[in-house]
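Below: one structure, written as C-alpha cells.
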Amino acid sequence: MAARRLDGAAWAARLREELTPRIAAFTDTAGRPPGLAVVLAGDNPASEIYVRNKIATVGAHGCRGELFRLPATATLDEALALVARLNADDSVDGILVQSPLPDGMGRDAEQRVFDAIDPAKDVDGFHAVNVGRLVQKRPALVACTPLGCATLLDREEIPVRGRHAVVIGRSDIVGKPMALLLLHRDATVTICHSRTQDLPAVCRTADILVAAIGRPGFVTPDFVKPGATVIDVGINRIDDAAVAAALFAEGSAKRVQFEKKGSVLCGDVHPDVEAVAGAMTPVPGGVGPLTIAMVLQNTVTAAELRAAARG
Ligand code: GUN
C-alpha cells in the first residue's frame, strides 16, 4: 500500500495563515511590521531561490523583508560589519545570513558570522546561545528546517513518545537540532552519519526516519521498516540523464518528469520507499514550504519577544 502523503505545502499554508493575527497585532502596537533582513553573499543559484522565497513569503504576510547583497568577493569583515549594522537597526527583528558563504571568506566564516548576530534576532537559531537553550529545552529560536519537521509531526499527530527516531545527517543546520527536537518529544533518538556501520540496518529499526544527507534517492526501501514515517529533508536537482536513468525506472513519475523538463527535483529518499513507508513527505511540497513558514514564524516570534523585552 502506498504511504500516506504528509502534505507539507498544505500545512505550511495553514501555519502562515495562523500567524496573520499576530502580525497584525504587532504592527498595530509597534507602528511598524515585523522586519526580516536576509543577507546573501555571492551568487549560489540555489541560495538565490531560497532567499527569494523567504523574502516573498514574509512580504506576502504583512512583514517587511529586505535583501542585503554582498559580492562573492566580499571579506569576512564586510559580512561582520553588515551584521553589526543590522543588529543596531531597531526596525530589524530577524537577521538571516544564507548559508553557504563564499569560500573566500575562510573556513570558520559561517560560525563567526552566526555568532555575531544578536541572539534575539537569530531567526535561524544558529547562534551558540540559541543552540544551548535548545539543548537545555529552554525557550529558544530554533532552526527552521527541523522546527518545520517537528511541527509537521505534531500537526499530523504522529506518535513520537517512546518511538525510535533515526536522523541521517549530523549537520548543525538540520541533523543535530532535529535530534534534539525529537528527544524533547520523548523519542529514543539515534543520529547516523557517514561513518555509521550498516546504515540500512540501523535505519530499519526506525519508527520515524529523517533523511538530511543531500544525496538524491540515497534512502532506498531496504532502509525502511514497513509502516514507518519518513521525513525527507533533501532537495536535489537532477539534470543529468544518466543519473536520472540510474535512479528512476522507465515510466516512473520522476523519470517522466525528467524526460519532459530536462531536470527533476528528488529528495534524499528514493520514490520507491513510498511502497514501504506508512507516511512520507513528498519532494517538492514537503519539508521545503515548512522551512519557509518557520522563517515567518521565527520572525514574528523574535519581533514579539524584542517588543516584550523593551517593555
Ligand atoms: N542554507 C540551507 N538551509 C539554510 C537555512 O535554514 N538557513 C540559512 N541561513 N542558510 C541555509
Side-chain angles (χ1 to χ4, degrees), residues 8 12 15 36-58 65-70 72 74 76 79-80 82-83 86-87 92-103 105 108-119 121-128 130-131 134 140-152 167 169-181 210-216 231-237 265 267-268 281 283-284 286-299 301-302:
L15 291 160
L36 173 68
V38 178
V39 177
L40 177 60
D43 39 27
N44 180 306
S47 293
E48 293 272 355
I49 296 169
Y50 294 140
V51 159
R52 199 185 317 141
N53 279 339
K54 289 171 186 178
I55 289 179
T57 299
V58 297
E66 202 175 341
L67 176 61
F68 294 82
R69 281 184 177 276
L70 289 171
L76 174 57
L80 292 170
L82 175 54
V83 167
L86 297 170
N87 280 341
V92 171
D93 297 294
I95 303 171
L96 187 154
V97 179
Q98 188 67 21
S99 165
L101 289 174
D103 289 343
M105 285 194 190
D108 61 349
E110 235 158 64
Q111 201 55 65
R112 293 208 27 212
V113 170
F114 296 149
D115 281 352
I117 296 171
D118 177 349
K121 297 188 177 188
D122 171 33
V123 290
D124 259 323
F126 294 166
H127 191 287
N130 281 315
V131 174
L134 173 63
L141 289 165
V142 176
C144 297
T145 297
L147 185 59
C149 296
T151 303
L152 178 69
V167 179
R170 55 177 157 181
S171 70
D172 291 339
I173 292 183
V174 182
K176 286 180 203 165
M178 185 75 247
L180 287 163
L181 291 171
V210 181
I213 323 137
R215 290 175 64 177
I231 308 286
D232 190 352
V233 176
I235 304 177
N236 312 286
R237 181 172 298 282
L265 286 181
D268 292 347
T281 58
V283 176
V287 173
L290 288 163
T291 297
I292 308 278
M294 293 301 107
V295 172
L296 179 65
Q297 180 174 295
N298 280 352
T299 300
T301 301

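Indexing begins at 1, ligand by ligand and atom by atom, following the structure's order.
Nearest protein heavy-atom contact of atom 11 (C) of ligand 1 is Q98 NE2, 3.3 Å. At the top of the distance list for atom 3 (N) of ligand 1, counting protein heavy atoms only, stands I173 CG2, 4.2 Å.
The atoms of ligand 1 that sit less than 4.0 Å from any heavy atom of L96 are 9 (N). Every atom of ligand 1 with a heavy atom of D124 under 4.0 Å away is listed here by number and element: 5 (C), 6 (O), 7 (N), 8 (C), 9 (N).
At a 3.5 angstrom cut-off on N or O pairs, V97 counts as close to ligand 1. When only interatomic distances are considered, the shortest N/O to N/O separation between T291 and ligand 1 does not fall below 3.5 Å. Inclusion of S99 in the set of residues having an N or O under 3.5 Å from an N or O of ligand 1 is warranted.
For the residue pair N298 and V142, the shortest heavy atom distance occurs at ND2-O, 2.9 Å. Minimum heavy-atom separation, V131 to F126: CG2-O, 3.9 Å. The two atoms that bring R170 and K176 nearest to each other are O-CE, 3.2 Å, heavy atoms only.
Under a 4.0 Å heavy-atom criterion, Y50 is not in contact with ligand 1.
When each of I95, D118, I117 is paired with L86, the side-chain contact (heavy atoms from CB on, under 4.5 Å) condition holds for I95 and for no other.
Judged by distance alone, with hydrogens and angles left aside, the side-chain atoms of H127 form a donor-acceptor pair with the main-chain N or O of D115 at under 3.5 Å.
Distance check: I292 CD1 to N53 CG gives 5.0 Å after rounding to the nearest 0.5 Å.
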